[in-house]
Number of protein chains: 2
Amino acid sequence: MSIRIFIYDDSTERRDSLKALLSLDEQLVVVAEAPNCIHAIQDIENYFPDVVLMDINMPEVDGLEGLKRIKNKFPEVKVLMQTAYDDSEKIFTSLKNGASGYILKNDKPQRILQAIDEVFKGGAALNPAIAQKVLDYFKPAQRTTSLSPKENEVLSLLAEGLSYKMVADKLGVSYTTINTHTKRIYEKLHISSIGEAIAYYYKHLQ
Amino acid sequence: MSIRIFIYDDSTERRDSLKALLSLDEQLVVVAEAPNCIHAIQDIENYFPDVVLMDINMPEVDGLEGLKRIKNKFPEVKVLMQTAYDDSEKIFTSLKNGASGYILKNDKPQRILQAIDEVFKGGAALNPAIAQKVLDYFKPAQRTTSLSPKENEVLSLLAEGLSYKMVADKLGVSYTTINTHTKRIYEKLHISSIGEAIAYYYKHLQ
DNA sequence: CCCGAAATCCCTATTTTTAGGGATTTTTTT
DNA sequence: AAAAAAATCCCTAAAAATAGGGATTTCGGG
């Protein structure tokens, strides 16, 4: 009873060292590899891995897009994201899109093997630094001040019940500007609707 | 310098008596008439009236629809709504759609002539009873308690930032039910967006 | 002087919400 | 018991919001 693994990484070197690492655990079998996600769907169809080790920064079709494609078509396949930096936005984009874990490239080898095992068993594997960031999003404190002056102004007008168009008129800018501000507000607050934005406003900013 | 008037009313009798009335004022000229709004656009194009006297209850295409069509294409034409009853919803639908006034059929003849004159000059003419209803909507007092228990529940969940779908799941009912509740909430509070609803919730119900 | 954050604007496509109907069943209230 | 109010569900179409890109300008600090 082995764990079938597919590796995506644009560096041949890196793929080789990963294969060397994984070969230490006889339960793990690297069934195939690729330098990017252009053929992600076919890859999965052909090799039906249990776990995908996914680098984020790859040319052509990157890991975030690959993750989406794979989870969309094969929700049962576990995808473990792997990158050099702990970029907050990418972490959340990944988790939102169904990643089973997020590890860093300089994590200890033992950690990586452990992570694969965890996600295969249905758990989630997060590098501790990543885990901290995730938890941070549940304490709204520091987010309060993260909005720019304009974003705060837009949010307060939305909280009055104004539509994008009305806010645009009131501030003398175009609709698209308000759309952009709102997108940034949603990004910063990690929400995705006007209702959540207004609830946030009255709960934390009022 | 006369005022060109178009009369919409399904009762021939009523149209005749209106024409008789309006002929008393030599400034007023009834340029044409129709028993409903099927050809409203063409009517206005052909006769370019200054003021339209619009009955609400007519077969085929009624006055509310006629109002919308006319104001949509010819915003400069004044439309004076006229009906037998002071139905709150129709009043608000009319005013929202750009009616210049709202009078009742049993208003005194003198009132009717006056109303036409007012709207022609760019003013608004409201029967006093109607005016009262309109003012009522600006005092939020009585609206506070007007929501049904379920409507209040739905509103409070929306105010938490939940989408229609999430509210539906949470309450174990279908999406369309929430849609309907929301429509009723908006009607009762005389608003028309989730933003206004949530603002109302935090300002008046919290 | 360069960099980065902030603010502005645009395009495209999808998802949600809103509006306008209609309709049935259950509860309450008279 | 009949009427009114509340709650449920459905359909369709239009409007608004959301998501994902990209891009330019301004302004303040290092």
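By convention in this document, chain letters (A, B, ...) are assigned in the order of the sequence lines, proteins followed by strands, and residues within each chain are numbered from 1.
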**Asked** Among D/dC10, C/dT8, C/dA19, which nucleotide sits nearest the side chain of B/Asn179?
**Response** C/dA19
**Message:** Measuring from the side chain of A/Ile194 (C-beta onward, heavy atoms only), which nucleotide among C/dA7, D/dT8, D/dA17 has the closest atom?
**Reply:** D/dA17
**A/Lys150, nearest nucleotide to its side chain (from D/dT18, D/dA7, C/dA7)** = C/dA7
**Prompt:** Can you tell me if the side-chain N/O atoms of A/Tyr186 get under 4.0 Å from OP1 or OP2 in D/dA19?
**Reply:** no
**Prompt:** Among A/Leu22, A/Val119, A/Asp50, A/Val29, which one satisfies side chain to side chain contact (heavy atoms under 4.5 Å, CB included) with A/Ile3?
**Reply:** A/Asp50
**Message:** Cation-pi check for B/Tyr47 against B/Arg4: NZ or CZ below 6.0 Å from the six-membered ring centre and within 45 degrees of the axis, yes or no?
**Reply:** no
**Request:** Look at the side-chain N and O atoms of B/Tyr164 and state whether any lies under 4.0 Å from the OP1 or OP2 oxygen of C/dT18.
**Result:** yes
**Message:** Measuring to OP1 and OP2 of C/dT8, would you say a side-chain N or O of A/Tyr175 lies under 4.0 angstrom away?
**Reply:** no
**Asked** Do the side chain of A/Tyr201 and the main chain of A/Leu157 share a donor and acceptor less than 3.5 angstrom apart?
**Response** no
**Request:** Return the value, rounded to whole Å, for the distance between atom CD of A/Glu153 and atom P of C/dA6.
**Result:** 15 Å
**Complete:** When rounded to whole Å, the CD to P distance for the pair A/Glu196 and C/dT17 reads 10 Å
**Fill in**
From the list A/Met54, A/Glu60, A/Arg69, A/Lys68, side chain to side chain contact (heavy atoms under 4.5 Å, CB included) with A/Cys37 holds only for A/Met54
**Message:** Can you tell me which nucleotide in C/dA6, D/dT8, D/dG21 comes closest to the side chain of A/Lys183?
**Reply:** D/dG21
**Request:** Taking only the side-chain nitrogens and oxygens of B/Ser148, find out if one of them lies under 4.0 Å from OP1 or OP2 of D/dA7.
**Result:** yes
**Complete:** Separation of C/dA6 atom P from A/Asn152 atom CG, nearest Å, is 11 Å
**Pair B/Ser193, B/Glu196: side-chain N/O donor-acceptor within cut-off below 3.5 Å** = yes
**Asked** Nearest-Å distance, CD1 (B/Ile178) to P (D/dC10)?
**Response** 12 Å
**Asked** For DNA chain D, whose closest nucleotide is more 5', that of B/Gly172 or that of B/Ser193?
**Response** B/Gly172
**Prompt:** Can you check the B/Leu171 CG to D/dA6 P distance for me, whole Å?
**Reply:** 17 Å
**Request:** State whether A/Thr177 places a side-chain N or O below 4.0 Å from either non-bridging phosphate oxygen (OP1 or OP2) of C/dC9.
**Result:** yes
**Request:** Could you work out which one of C/dA7, C/dT18, D/dA17 sits closest to the side chain of B/Thr182?
**Result:** C/dT18
**Prompt:** Over how many whole Å does the gap from B/Glu65 atom CD to D/dA14 atom P extend?
**Reply:** 13 Å
**Prompt:** 5'-most contact on DNA chain C: A/Arg184 or A/Ser174, nearest heavy atom basis?
**Reply:** A/Arg184
**Request:** Quick one: closest heavy-atom pair of B/Arg15 and B/Ala34, and the distance?
**Result:** CD-O, 4.0 Å
**Prompt:** Is B/His181 near enough to D/dT8 that one of its side-chain N or O atoms lies under 4.0 angstrom from OP1 or OP2?
**Reply:** yes
**Fill in**
Residue pair A/Val173/B/Ser192 against DNA chain C: nearer the 5' end by closest nucleotide is A/Val173
**Request:** Could you tell me the separation between the CG atom of A/Leu64 and the C1' atom of D/dG21, rounded to a whole number of Å?
**Result:** 14 Å
**Request:** Please evaluate the base of D/dC11 for a donor-acceptor partner in the side chain of B/Thr176 within a cut-off of under 3.5 Å?
**Result:** no
**Message:** Could you tell me how far apart B/Glu151 (CD) and D/dA7 (P) are, to the nearest whole angstrom?
**Reply:** 6 Å
**Prompt:** Side-chain donor or acceptor of B/Thr180 under 3.5 Å from a matching atom on the base of D/dC9?
**Reply:** yes
